Amino acid sequence: MKIIYCFLFCFFSTNIIPAQNKEKPNILVLIFDDAGLDMGAYGSTYVNTPGFDAIANEGVLFTRAYTPNAKCAPSRASIITGRNSWQLDAAANHVIYFPSKFKSYQEVLKENGYTVGHTAKGYGPAITLTADGKQREVLGPAFNEKSLEPLTPSISDNDYSSNFADFLERAPKGQPWSFWVGSLEPHRGYEYGSGKRLGGKTEDMIKDFPPYWPDNEVTRNDLLDYALEIEDFDAHIQKIVQTLKENGAYENTLIIVTSDHGMPFPRVKGDQYENANHVPMAAVWPAQMKTKNRVVDDYISFIDLAPTFLDVAGIDWKTSGMHPAAGNSLKFLLTSNKNGQVEPSRDFVLVGKERHDTGRPNDVGYPIRGIHKNNMLYVKNYEIDRWPKGNPETGYLNTDGSPTKTEILKLRRNGDASYWKLSFGKRVQEELYDVAKDPFCMNNLASDPAYASIKSAMKEEMEAKLLQQGDLRMQGYGHLYEQAPFVRGRDFYGKFMRGEKPKAGWVNDDDFEPYLLDGDGNELKPVKLLDGQY
């Protein structure tokens, strides 16, 4: 069972609020943990999401919303700060100490008369401290007292909707509030077969199966189990909206529903391909949205959310204490009556990564930068001698253990490395994909002469924008990102090779390869540990 560490925080309010604050909107973020665009509103055939779909029908559905970094902590860091991960020092990475100099939008809202809080997963995994080493809650006090009997042992027992209702009941009347509901679903693990047994799903409901996995009963059931967990949180979304309506707060609440990144499957979570960074997003603000059921195609990024929240709250970013934002407020998009491309300037998003999970020698990462524009994706891999998802001998630690991962690893060990190469093999330096024609990013066009000018233009634009944003990697100092210490898992590779058997509970024991491999998956020689054992 997923565990929530529940701490009881003193609930507090700030000074007396001027009367005009009554007109400020409430802000509610509902965030899935590791869900892709597998929602009914996007046409999913095997996931039923009436909660998400209702938000889209009442408000706006975004078709090109992206996280800059497809891993929990760096993705969430961008949401709360309005900055890309490469602009956040240590917070470019996963499982780190969050730099005390960066304020969160929730902290600013609190300073400006909002009551703030969150339930379940907030920013993390990381440690957040003040400059003098005190505990810091960047999303406000935690409301985790209410629990329930989960549908499966793999689903959290946090009663998200009841904990939100608890917050709402305790929030001072007449004062605006901002709350973050951080689901732990559909993060792994799953109860295998639960999608079929409890969700009434069948393998043939999946119509667009990703071609980078072997298509069989095991992998399809893995997807059905993932679908069940999405639906579990979606039921909470429905209850939360109902609570808002009963409370009379629905009309003046800006609701954003999204996910931190794509699904926890090989070649998605922790990568920088289309399905890794492309996230579901729907929003509603009934008091300000005059047109329902809009579909917006502008490229938007998580870095736009914090500027949006301060904008609708009437707070000047420049005097808020926040570091300069890389994003821009979505208020105009939200309140417009237009569909399609609304703001012509929103024609690209940047993506990238530095170091995610532990498991490589010397705790280095796998740096990537990319740009989405005109339905094309350009990606540059900066250290192609390294393993993209972590070293094979230490279990490919940047890919969660799963039945799908196991199937791919088994195939390679039995002589078929085709799927393994797509998810775990070493990569070329440049990649270019026509996302409209090739959404699964299977056909790399980077070496095709017909696309040479497109590749060159996208690379030039990407690097110019990154340099403008102060990206250390563009300045030759990318190694500085890797000097930020892990909160846990430091020197995992060294400890493993010394035979110390460090824990890696998010992968399976048989994910660890007993042979050293080359970049194409060929076995070179057995792994030898210093204690003489594998």
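Small disclaimer: the values here were computed from a predicted structure and weren't measured. Index from 1, following the sequence. The basis for the numbers below is simple: all heavy atoms, side chains too, and nothing from hydrogens, waters or symmetry mates.
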Query raised in the report: Does any N or O in the side chain of D260 come within less than 3.5 Å of the main-chain N or O of D33, such that one atom is a donor and the other an acceptor?
Result: no

**Report entry** Minimum-distance pair of heavy atoms, taken over all atoms of D520 and A417
**Finding:** O-CB, 3.8 Å

Query raised in the report: Should the pair W387 and W420 be assigned to parallel (<30°), tilted (30 to 60°) or perpendicular (>60°) ring geometry?
Result: perpendicular

**Report entry** Nearest heavy atoms of L184 and S156, plus distance in Å
**Finding:** CB-CB, 4.2 Å

Query raised in the report: Got a sec, which residues hit salt bridge (charged side-chain N to carboxylate O under 4.0 Å, His left out) with E431, two or more places apart in sequence or on another chain?
Result: none

Query raised in the report: Is there side-chain contact between F62 and T258, with heavy atoms separated by less than 4.5 Å?
Result: no

Requested in this report: Using only heavy-atom distances, determine whether the side chains of E407 and W213 contain a donor-acceptor pair under 3.5 Å.
Outcome: no

Query raised in the report: Is it the case that R267 places NZ or CZ above or below the six-membered ring of Y273, under 6.0 angstrom from the centre and within 45 degrees of the axis?
Result: yes

**Report entry** Side-chain ion pair, D510 and K410, N-O less than 4.0 Å
**Finding:** no

Query raised in the report: Is a side-chain donor or acceptor of S301 paired with a backbone partner of T67 at a separation under 3.5 angstrom?
Result: no

Report task. Inspect the surroundings of CD in Q341 and state if more than 12 heavy atoms from other residues, nucleotides or ligands are less than 6.0 Å away. Result -> yes

Query raised in the report: Should the pair D298-R64 be classified as a salt bridge under the 4.0 Å nitrogen-to-oxygen rule?
Result: no

Report task. List in chain and number order the residues that pass side-chain contact (heavy atoms from CB on, under 4.5 Å) with K465, two or more places apart in sequence or in another chain; answer none if no residue qualifies. Result -> F348, L350, E461

Query raised in the report: Yes or no on ring pair (Phe, Tyr, Trp, His ring centres under 6.0 Å) for F486 and F492, after CA distance, side-chain angles and deciding distance?
Result: CA-CA 10 Å; F486 278 110; F492 185 100; 9.7 Å; no

Query raised in the report: Going by distance alone, is a donor N or O of one side chain under 3.5 Å from an acceptor N or O of the other, for Q469 and D471?
Result: no

**Report entry** Cation over ring face, R188 and F265, 6.0 Å, 45°
**Finding:** yes

Query raised in the report: Who are the side-chain contact (heavy atoms from CB on, under 4.5 Å) partners of A73, not counting sequence neighbours?
Result: H94, Y123, P125

